[in-house]
Amino acid sequence: MSSHPYQDPTLPIEQRIADLLSRMTLEEKIAQIYQIWVIPSVPESPQKVKEYIRKYGVGSRILAGSHLAGSAQERSAGVEEINAYQRVAVEESRLGIPILHARDVIHGFRTMFPIPLGMAASWNPARVEEAFTIAAREAASCGVKWAFAPMLDIARDPRWGRIAEGSGEDPYLTAQMAVAAVKGFQGTDLTDPERVLACAKHYIGYGSAEGGRDYNTGEISDTTLRNIYLPPFQAAVQAGVGTVMSAFEDLNGEPASGSHYLLTQLLKQELGFEGFVVSDWASVIELVNHRVAEDNRDAARQAFNAGVDMEMITDSYATHMAELVQSGAVSLERLDDACRRILTAKFKLGLFEQPYTQPGLAEEVLFTPAHQAAARKMAAESFVLLKNEGGLLPLNKTGQSIAVIGPMIHQRTALLGSWTLDGLSEETQTIDEAMRAAAPQAIARRANDALSDEMVRAALSADLSVVFVGESNRSSGENNNIASITLPPGQEELVEAVCALGKPVVVVVLAGRALDLSRVARCADAILYAWHPGSLGAAALADVLFGDTAPSGRLPVTLPRSTGQIPAHYNFKSTGRTFDGVGHGDSGSYPERNRYADLPGAPLFPFGFGLTYTTFAYSDLRVSRGEIQSGETVEVQVTVTNTGARPGVEVAQCYVQDCITSITRPIRELKGFQRVDLQPGESKQVRFTLGPDAMSFYGTDQKLHLEPGKFKVWGGSDCRAEMETEFWVK
Ligand code: BGC
């Protein structure tokens, strides 16, 4: 029998919270807005944390080894240890409020999927949802009930290491991935023990860091903020994301973690976000570093009043909130509001009823054959074929000798990518192992991955070479920015030396960002972009290189021709003049616009681009109605035909331009895409629905506009799609 109404699971959550809040002391409320950290390097830390929890309870506990957890593999959080802390909260604290255990589960837990940028390259939300469902199941089996993902930061600058963690440059694609991740983590019922609470981060504009230097200042106009950076967060909120993390950076003159406009007005009031906001790591007290707060007390007051409900790891709320409330600097209503939001999440997760994790469960759940199979498929779908001269790929498994060379062939950790906390290198096959397993007769000579002369020698003695180049997992991710987006030193020379032998060369690039492949593209016959592909990445590479699976990924980011082309994104705006001094009007594709005197205007590979082992043709692009009233919907239809000799997947894409608008707008924007599976000779009709959302934008008045006039529509296989039609909004 439950002793208090808040413990009665048959009552509505609001009633349980009202009862609980009425019983809580000020200190107990403050404990709920605190995310505590057991500091690994401080021996007395566990005891101190438990004492605190025993006295007041606590909102959450973060399971992280350091402030840069993503750049270091860490031991899995142990269920016994998590249960032990939970026991203190549930059985030894006065009210028995359970703890919400949180961890960075960014692209898998034990089974590592490709980095999020790679997952986005699949343009397959269903596959991505499955990846996050598996990540949730594995994390929950280890006691983690809250994952700090998805990362929804639009990134237009690949120097920024955190581009690896997001879905690239496009608001629409990122929004689709946001919804997939939220659904995968949270499911439809959070009380399901295999689901976890998601966290949309880093709200907002963090990807605009000047110069691609992490944590740096961002300046984005309000219209760009709302039209480019906001849509993924908006989509996550609509999909019911439970939490949002406030970003580190200073945006338009206000730190994002101290902005009432961003957190309360825009997120909570305008978008109607009902979950809670957690700060990023110490981002509350960093208001002092930003020099907008005098001290930690002032920082706590500003961040909390701005709308940050829970403070991650630092204790400015825990230390100063009682006095802030007593002095009236923070209202009790605001404290109750934050507590209500946090307690709602705990009730929705069913934590009051099931606070503990079953010991031993993890062994049955982690890295199962089914999870590995899903990771292998996800990885294969993330690869983007950029070049395939003379149909060099797929490779034959017999009848030719293949040199497998390059600095990546014996790597394990590098394949897992940034933000691999629980994935194990020892469970990750190397590329060399996977290639030999797939085609034991074809793999001629393998080379020491450190000596380039040995590699060239191996290439010389084989019929063709596959050169695996790329970046370390530590070149991307948090605080891992690079000044020049070329391959690491020596790798371009290696590719050129192998190409100089005059035999066919395939280059596979493993990277956490968009790289400048100009030198590679000049000489390699085939290029496959494979990101950091996760635990099963090597096996998936063998699947695709040998043609057991055809590549079907498309670029979620523009690949520039040089670092100097940054920012490079397809959805640039119409300008008054081009390089030649002539307005480029409304052509809608990559013109030689405003280019440098020493570079072509177009990037090396455009957004949305990707080849496969067959070819496709588009025909018969039409709209269902040439004229609609504002608020109505248009159906776009296009026929896609497989014109080659092999089955394949095309990602049909639909772009729209609102021709005349009250503010300057992108030259074209992605508004729909669909993966289509086609047998040789087969045709299918693809349909896209353009609703009012696809025709609207935020104006300088911060309001949504759907302005009458002409809209152009393009259908095709990347952002340069040429087949065009139009409709009018009356
Ligand atoms: C990162 C977040 C991460 C948090 C917790 C911060 O440094 O910016 O993305 O979730 O640490 O590890």
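Excluded from the calculations below are hydrogen atoms, water molecules and symmetry mates; all remaining heavy atoms, backbone and side chain alike, are included. Each ligand, and each atom within it, is numbered from 1 in the order the structure gives. Quick note: residue numbers are just sequence positions, from 1.
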Asks: In chain order, what residues pass the salt bridge (Lys or Arg N to Asp or Glu O under 4.0 Å) check against Glu427, with sequence neighbours excluded?
Replies: Arg110
Asks: Side chains of Glu311 and Ser316: do they bring a donor and an acceptor to under 3.5 Å?
Replies: yes
Asks: With heavy-atom distances below 4.0 Å as the criterion, list the atoms of ligand 1 near Phe248.
Replies: 6 (C), 7 (O), 8 (O)
Asks: Identify, by atom number and element, the atoms of ligand 1 in contact range of Asp280, meaning under 4.0 Å from any of its heavy atoms.
Replies: 1 (C), 2 (C), 3 (C), 4 (C), 6 (C), 7 (O), 8 (O), 11 (O)
Asks: Identify, for atom 5 (C) of ligand 1, the protein heavy atom at the shortest distance, and state residue, atom and that distance.
Replies: Asp104 OD2, 3.2 Å
Asks: Should you measure from each heavy atom of Ile62, which atoms of ligand 1 turn up under 4.0 Å away?
Replies: 5 (C)
Asks: Measure from the side-chain N and O atoms of Asp295 to the backbone N and O of Asp298, and report whether any donor-acceptor pair falls under 3.5 Å.
Replies: yes
Asks: Check this for me: does any side-chain nitrogen of one of Arg156 and Asp170 sit under 4.0 Å from a carboxylate oxygen of the other?
Replies: no
Asks: Would you please determine whether Ile106 falls within less than 4.0 Å of ligand 1 on a heavy-atom basis?
Replies: no
Asks: Side chains of Ser425 and Thr413: donor-acceptor distance under 3.5 Å anywhere?
Replies: yes
Asks: Looking at ligand 1, does any of its N/O atoms fall within less than 3.5 Å of an N/O of Glu165?
Replies: no
Asks: Of all the atoms in ligand 1, which lie at a distance below 4.0 Å from a heavy atom belonging to His67?
Replies: 7 (O)
Asks: Would you verify whether the NZ or CZ of Lys50 falls within 45 degrees of the ring axis of Tyr85 while also being under 6.0 Å from that six-membered ring's centre?
Replies: yes
Asks: Hey, does Trp281 come in under 3.5 Å of ligand 1, counting only N/O atoms on both sides?
Replies: no
Asks: Could you tell me whether Glu270 atom CD has more than 12 heavy atoms of other residues or ligands within 6.0 Å of it?
Replies: yes
Asks: Taking only non-hydrogen atoms of His202, do any sit less than 4.0 angstrom from ligand 1?
Replies: yes
Asks: Taking heavy atoms and a distance under 4.0 Å, where does Met245 meet ligand 1: side chain, backbone, both or neither?
Replies: side chain
Asks: Ligand 1 versus Arg162, non-hydrogen atoms closer than 4.0 Å: side chain, backbone, both, neither?
Replies: side chain
Asks: Under 4.0 Å from any heavy atom of Lys201, which atoms of ligand 1 are there?
Replies: 2 (C), 3 (C), 9 (O), 10 (O)
Asks: Under 3.5 Å, is there a donor-acceptor pair linking the side chains of Tyr56 and Glu51?
Replies: no
Asks: Between Asp153 and His202, is there a donor-acceptor pair closer than 3.5 Å when you use the side chain of the first and the backbone of the second?
Replies: yes
Asks: Looking at Phe148, which atoms of ligand 1 are within less than 4.0 Å of one of its heavy atoms?
Replies: 10 (O)
